[in-house]
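Presented below is the structure to which this report refers.
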There are 2 protein chains.
Amino acid sequence: MASKATSIDIAYRAGVSQSTVSRALRNSPLVNLETRQRIQAIAKELNYKVDKNASNLRTQNSHTLALLLCEDPTNDDSLINPFFLSMLGSITRATAQQGYDLLVSFQQLSSDWHADYEDSNKADGIILLGYGDYMDYEQKLEKLLAQNTHFVIWGAEHNNKSVLSIGCDNHQGGLIATEHLISLGRRAFAFLGDASSHSPEFRDRYLGHVKALRCAGLPVVQERQISAISTESAGYHAALALIDKGLNFDAIFAASDLIAVGAIRALKEKGYLVPEQVAVVGYDDIPVASFANPPLTTIKQNTQLAGEILVESLLKLIRGQSVSPQLIPTTLVVRSSCGIDHTPIA
Amino acid sequence: MASKATSIDIAYRAGVSQSTVSRALRNSPLVNLETRQRIQAIAKELNYKVDKNASNLRTQNSHTLALLLCEDPTNDDSLINPFFLSMLGSITRATAQQGYDLLVSFQQLSSDWHADYEDSNKADGIILLGYGDYMDYEQKLEKLLAQNTHFVIWGAEHNNKSVLSIGCDNHQGGLIATEHLISLGRRAFAFLGDASSHSPEFRDRYLGHVKALRCAGLPVVQERQISAISTESAGYHAALALIDKGLNFDAIFAASDLIAVGAIRALKEKGYLVPEQVAVVGYDDIPVASFANPPLTTIKQNTQLAGEILVESLLKLIRGQSVSPQLIPTTLVVRSSCGIDHTPIA
DNA sequence: CTGAAAGCGCTTACAG
DNA sequence: CTGAAAGCGCTTACAG
């Protein structure tokens with residue numbers, strides 16, 4: 001096996017200096033057109049590629065973005081939340097479209113993630129993605145900030161204005177989901193999902209939900225809010241806990257589709273008819289949503305657009321351009337899990 | 001912002017040479033234990049990280065693996081096959097566990113993918129993943145081989161013995177899926193999926209299917225094999241085409257879950273009862289499978305294990321250790337889409 | 001056990 | 001338009 005061609009090999013064949021080769025390959029107008037083309041032809045012939053390590057070392061930037069998936073460690077290890085998988089796909093595409101490479105990593109496996117990437121010069125910036133416990137990594141964000149690391153974070157808007165967050169409008173999502181249920185005649189609502197400041201995205205969904213109730217003059221019943229992380233099993237258990245309380249309810253707004261799907265399973269096991277007795281709305285529009293039984297009405301987050309905006313914003317940040325947090329609108333996807341017009345039970 | 005600390009900064013503070021710092025940070029026993037610890041403490045304090053570009057350039061290896069997702073370009077751009085998304089997740093994990101980084105990329109966006117990664121020294125090896133048209137990239141594989149690139153390919157075993165392939169045992173999968181249907185009394189089979197050499201994985205599933213029919217003394221009816229790529233919509237149209245032929249059939253073996261889900265939709269639209277009149281088995285066990293209506297019986301590929309084996313094998317290849325192709329056994333996941341004992345119709 | 005030095009393969013002022 | 005040279009931040013023989 002011949003070892004890889006370097007710019008020196010090309011210089012030798014072309015009878016020019018290595019500097020000229022370097023310039024020609026970057027298509028510098030400084031180099032005579034004919035020489036440039038000759039050099040490029042030789043490079044192609046030798047299957048030459050610029051050594052990124054060398055050029056990055058020299059220029060001190062990597063043309064690489066890092067994606068850190070910070071998932072709730074209580075999740076089953078083998079399952080990544082399908083919503084994030086979808087985001088991962090769109091971020092991968094958007095990154096490639098911008099001519100950057102994408103380094104992917106999971107948080108749990110690297111305790112020192114805040115420093116691992118940019119500091120080791122492998123990435124110019126970081127995208128943080130995850131429904132983690134925000135309290136947990138608040139300090140890590142501080143550290144990133146202190147180090148002047150370029151990063152964007154997916155999710156709710158952040159208290160600290162220096163943190164650039166991009167996310168879907170969770171408040172609006174919670175609002176329209178609930179308004180839809182109200183318009184169908186539902187009156188007694190339960191909310192399944194953590195609504196504390198540990199899960200700012202879920203909390204915003206909850207706040208939107210509460211706002212819709214208030215606007216409609218409906219009561220907000222604390223006992224019908226059951227905490228749950230975003231898994232099918234948490235949704236299942238949250239719904240069981242709700243049922244156990246013996247309270248009346250005719251609608252469930254679940255903070256995520258996985259929770260909704262688990263809740264539907266629990267409801268059916270306990271003999272409830274969905275949507276006749278209990279309407280259910282989820283959040284995310286993961287692929288499973290349309291295959292649930294009944295198919296799940298949900299709030300769709302545009303992951304395609306989200307990935308693009310995330311990447312674009314990070315790139316702007318890296319280039320020193322000004323960027324501001326963005327809220328991406330969500331849309332209601334109506335399927336049959338909320339049924340049609342309903343006579344209120346309470 | 002202070003610029004990043006280098007080994008020289010540490011050397012200065014520790015009052016030793018830069019060489020000693022480098023050794024100490026790699027925990028070399030050559031360096032006096034006390035000195036080593038002092039240096040490591042200073043490094044920690046300065047939040048120092050080795051510059052990977054520099055060390056990679058020097059050592060000529062990158063501790064990075066590249067994953068190339070080669071998807072069928074006829075797919076909807078926004079959707080990645082959930083099976084590959086799941087593989088992506090397990091590969092990401094497995095790579096991190098081995099202390100490597102993962103670079104992710106899609107084929108369509110880079111015409112020159114065969115050279116982009118290893119040649120530019122950003123990755124030590126490549127994992128190729130995709131239900132592409134194998135004929136299409138046969139030559140690209142040749143090129144990879146010619147360049148002595150380290151790579152593993154997910155999928156069917158390859159004619160060229162120099163290509164290391166890791167995959168699930170598609171033949172066995174097709175066999176057990178069909179045997180299961182036969183055991184339930186099904187006799188008139190249709191196969192939905194490309195069975196040509198363009199899709200070696202699907203073809204192996206088909207061959208396993210045919211073998212089971214032969215063993216049971218059942219006819220293999222050419223007209224009931226309808227080509228389809230792995231999308232829900234292709235499955236839908238394939239099933240419609242099958243129905244249009246006016247042939248009798250009481251079982252469908254679909255080459256993938258997406259095809260199966262599309263086929264079920266078509267069957268239901270046309271008034272067929274699933275599984276009463278037509279039993280359906282899919283392949284992959286994607287998340288949607290359990291939520292299909294009826295829940296889909298399918299062949300599960302162990303993506304967790306597959307990711308680990310893929311990464312381990314590639315790493316062995318890179319280290320020059322011997323590796324051989326591996327076939328990962330599949331398992332039958334029985335749900336309700338094949339129903340129970342059935343009186344044959346033909 | 002430690003240091004001085006070479007060199008990985010580029011990019012880019014500087015000089016002509 | 002082109003070349004000689006410095007230098008990015010490491011690792012690792014080589015010499016002591």
Side-chain angles (χ1 to χ4, degrees), chain A residues 2-40 42-43 46-64 115-124, chain B residues 2-40 42-43 46-64 115-124:
Chain A
S3 67
K4 259 153 217 162
T6 69
S7 55
I8 303 230
D9 300 325
I10 299 178
Y12 177 77
R13 299 214 186 193
V16 296
S17 74
Q18 184 267 332
S19 330
T20 300
V21 170
S22 177
R23 289 193 192 97
L25 293 175
R26 339 198 82 248
N27 219 1
S28 160
L30 283 175
V31 179
N32 177 291
L33 182 61
E34 191 209 320
T35 319
R36 221 190 298 165
Q37 290 172 339
R38 187 159 45 89
I39 291 173
Q40 289 172 354
I42 296 174
L46 295 184
N47 222 315
Y48 171 84
K49 296 280 161 181
V50 169
D51 183 314
K52 290 274 176 66
N53 287 132
S55 71
N56 292 343
L57 175 59
R58 180 55 233 239
T59 61
Q60 297 292 84
N61 88 354
S62 65
H63 263 242
T64 299
D116 276 3
Y117 288 91
E118 223 200 20
D119 282 354
S120 49
N121 286 345
K122 294 199 76 168
D124 300 332
Chain B
S3 67
K4 259 151 215 165
T6 69
S7 55
I8 303 231
D9 300 327
I10 298 177
Y12 177 77
R13 299 214 186 193
V16 296
S17 73
Q18 184 268 333
S19 331
T20 300
V21 170
S22 177
R23 289 191 193 98
L25 293 175
R26 340 199 80 248
N27 219 359
S28 159
L30 282 177
V31 178
N32 177 290
L33 181 62
E34 192 208 320
T35 317
R36 223 191 297 165
Q37 291 172 338
R38 188 158 45 89
I39 292 172
Q40 290 172 352
I42 295 173
L46 295 185
N47 222 316
Y48 171 83
K49 295 279 161 180
V50 170
D51 183 315
K52 291 272 174 68
N53 287 131
S55 71
N56 291 343
L57 175 59
R58 179 57 232 243
T59 60
Q60 297 292 85
N61 87 356
S62 65
H63 264 244
T64 299
D116 275 3
Y117 288 90
E118 221 199 21
D119 282 354
S120 49
N121 285 342
K122 293 199 77 168
D124 300 331

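What you see is a predicted model; the values in this text were computed from it and never measured. The sequence lines fix the lettering, A, B, ..., with proteins before strands; numbering per chain opens at 1.
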With the side chain of [X] defined as its heavy atoms from C-beta on, choose the nearest nucleotide among [options].
| X | options | result |
| --- | --- | --- |
| B/Q60 | C/dC8, D/dT11, C/dT2 | C/dC8 |
| A/V50 | D/dC10, D/dG3, C/dT11 | C/dT11 |
| B/T6 | D/dT11, D/dC10, C/dT2 | D/dC10 |
| B/D51 | D/dG3, C/dC10, D/dC10 | D/dC10 |

Rounded to whole angstrom units, what separation is found between the [atom1] atom of [X] and the [atom2] atom of [N]?
| X | N | atom1 | atom2 | value |
| --- | --- | --- | --- | --- |
| B/E34 | C/dT2 | CD | P | 9 Å |
| B/Q18 | D/dT11 | CD | C1' | 8 Å |
| B/R58 | D/dG9 | CZ | P | 16 Å |
| B/L57 | C/dT11 | CG | P | 12 Å |
| B/N56 | D/dG9 | CG | P | 15 Å |
| A/N53 | D/dG7 | CG | P | 22 Å |
| B/L25 | D/dC10 | CG | C1' | 11 Å |
| B/L46 | D/dG9 | CG | C1' | 15 Å |

- Task: On DNA chain C, check which nucleotide each of B/A54 and B/R36 is closest to and give me the residue with the more 5' one.
- Result: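 With B/A54 and B/R36 compared, the 5'-side residue is B/R36.
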
- Of A/S55 and B/P29, whose nearest nucleotide on DNA chain C comes first from the 5' end?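 The answer here is B/P29.
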
Quick one: does any side-chain atom of [X] pair with a main-chain N or O of [Y] as donor and acceptor, under 3.5 Å?
| X | Y | result |
| --- | --- | --- |
| B/T59 | B/S55 | yes |
| B/R36 | B/V31 | yes |
| B/R13 | B/I42 | no |
| B/Q40 | B/L25 | no |

- Watson-Crick or G-U wobble partner for D/dC14, using a 3.5 Å limit on both distances?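 Checking every strand shown, D/dC14 finds its partner in C/dG3, with both distances under 3.5 Å.
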
- Task: Determine the contact category for A/S22: base if any of its heavy atoms lies under 4.0 Å from a base atom, sugar-phosphate if only primed atoms, P, OP1 or OP2 are that close, otherwise nothing.
- Result: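 Answer is base: heavy atoms of A/S22 come under 4.0 Å of a base.
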
- Task: Could you tell me whether A/S19 contacts a base, only the sugar-phosphate backbone, or nothing, with contacts defined as non-hydrogen atoms closer than 4.0 Å?
- Result: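 Counting heavy atoms under 4.0 Å across all strands, the contact made by A/S19 includes a base.
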
Look at [X] and [N] and indicate whether a side-chain polar atom (N or O) is within less than 4.0 Å of OP1 or OP2.
| X | N | result |
| --- | --- | --- |
| B/T20 | C/dT2 | no |
| A/S17 | D/dG3 | yes |
| B/T35 | C/dT2 | yes |

- Side-chain H-bond candidate by donor/acceptor type, B/D124 with B/S62, under 3.5 Å: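 The answer is yes; a qualifying pair exists.
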
- Polar side chain donor-acceptor pair, B/S22 to B/S19, under 3.5 angstrom: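 No, no side-chain donor-acceptor pair sits under 3.5 Å.
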
- Can you tell me, in whole Å, how much space there is between the P of D/dC10 and that of D/dC14?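 It comes out at 23 Å once rounded to the nearest Å.
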
- Check whether the side chain of B/R23 and the base of C/dG3 form a donor-acceptor pair under 3.5 Å.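 Answer is yes: a donor-acceptor pair is held.
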
